[in-house]
Amino acid sequence: MSRNLIAIRTLENDEINHLISLGADFKSRIRAGEAVPRLDRKVIGMLFFENSTRTRVSFEQAAFYLGMRSSNFSTSSSSMTKGETLKDTILTLRYERLDGLVMRHRASGAPVLAARHFGGPVLNAGDGQHEHPTQALADALTIIESKGKIEGLTVAIVGDVEHSRVARSNAWLLDKLGADVRLVGPKTLIPTRTARLPGTFYYDLEEGIDQADVIITLRLQKERMKEGMVSSAGEYASMYQVNSESLRFAKRDCIVMHPGPINRGIELDDYTADGSHSVIHHQIENGVFVRMAAIYHCFGGGEA
Ligand code: ASP
């Protein structure tokens, strides 16, 4: 049975846990040079309507490890520049017999529309301010590798929560799996309570990361911000940068994460981005394996 992966919010805990452990299984097999199940002769379209480095390449790597062919779709050289609608583009790819789609789009909800018209598995690679489910799965696997569990951990998500799809997917996943989730940032960048995001809001960095086991820092999403939401990057950094000074408030063995791309000197200083607390490289590597798991699962694969 084929499935879509659009949002963490609507997944059952069993499915989340399955995807994380499937990702871990793929990781150990690939690293050991062992065989993994293959989706031979399947073609997956990579539709990135917004820029991407990590997510795009890791989905391509994931498809390659599963023996698939990926078909890259560049918006700038497609018929969308001639005015073709998203619906017609999706229908075209469907009748060209692609078997699945990975899609990133600046509009929240675009992958739902794609799934409606495509008819096969659609995987959300980030839609507007809504969700980025595979990033949350990569982050969950990284946390479990470092801490052995998610349940009972204190996780502070710091920064531009309002505009971040990574924050949303992570908050849902971590809350479902039993972490104490804190959303930390300036009032202008924290959603209102009506947004119904799980977690407790903190407007002060030191309080928000106090005794935290995990700190997930977020990029300032300048492309999604209205004027005046932060007075300057420098002022934001002076209050919310996670650095050698502020880290003293978290647990001594806390891990620091960032989904990338990092604005160095704003969200993180070099000491923290590159130092012993950072697990950013593990997040990147795990992205490949959870994306293998996500593709395999959405194409109807059971246990690997
Ligand atoms: N790469 C992540 C995303 O696409 C995080 C970011 O861009 O800030 O959402």
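None of the values given here were measured: they were computed from a predicted structure. If you read the sequence from its start, that first residue is 1, and numbering goes on from there. As the structure lists them, so they are numbered: ligands from 1, and atoms in each ligand from 1.
Among all protein heavy atoms, the one lying closest to atom 4 (O) of ligand 1 is R165 NH2, 2.8 Å. In this structure, the protein non-hydrogen atom closest to atom 1 (N) of ligand 1 is G260 O, 3.0 Å. Residue, atom and distance of the protein heavy atom nearest to atom 6 (C) of ligand 1 are R219 NE, 3.4 Å.
Taking a cutoff of 4.0 Å between a charged side-chain nitrogen and a carboxylate oxygen, K187 and E162 do not qualify as a salt bridge.
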> Between K251 and D253, is a salt bridge (charged side-chain N to carboxylate O under 4.0 Å, His left out) present by the stated rule, with each step listed?
Replying inline: CA-CA 5 Å; K251 285 204 179 132; D253 63 348; over 6 Å; no

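Clustering ILVMFWY residues whenever any of their side-chain heavy atoms sit less than 4.5 angstrom apart, transitively, puts L189 in the very cluster that holds I262. Linking ILVMFWY residues whenever their side-chain heavy atoms come closer than 4.5 Å, directly or via other members, places I266 and L268 in the same cluster.
The residue Q135 has no part lying near ligand 1, judged by heavy-atom distances below 4.0 Å. The proximity of R54 to ligand 1, defined as any non-hydrogen pair under 4.0 Å, does not occur for either the backbone or the side chain.
Rounded to the nearest 0.5 Å, atoms CG (L205) and CD1 (I215) are 7.5 Å apart.
Close approach of ligand 1 to R104 (heavy-atom distance below 4.0 Å) involves ligand atoms 3 (C), 4 (O). Residue V166 approaches ligand 1 through these ligand atoms, each under 4.0 Å from one of its heavy atoms: 2 (C), 5 (C), 9 (O). Near H132, with a cut-off below 4.0 Å to any heavy atom, the atoms of ligand 1 are 3 (C), 4 (O), 9 (O).
The shell of residues lying under 4.0 angstrom from ligand 1, judged by heavy atoms, includes Q221. At least one heavy atom of P261 sits closer than 4.0 Å to an atom of ligand 1.
Seen from the ring of Y202, R182 counts as a face-on cation partner, given the 6.0 Å and 45° thresholds.
The aromatic rings of Y296 and F26 sit perpendicular to each other, their planes meeting at more than 60°, with 30° as the lower class boundary.
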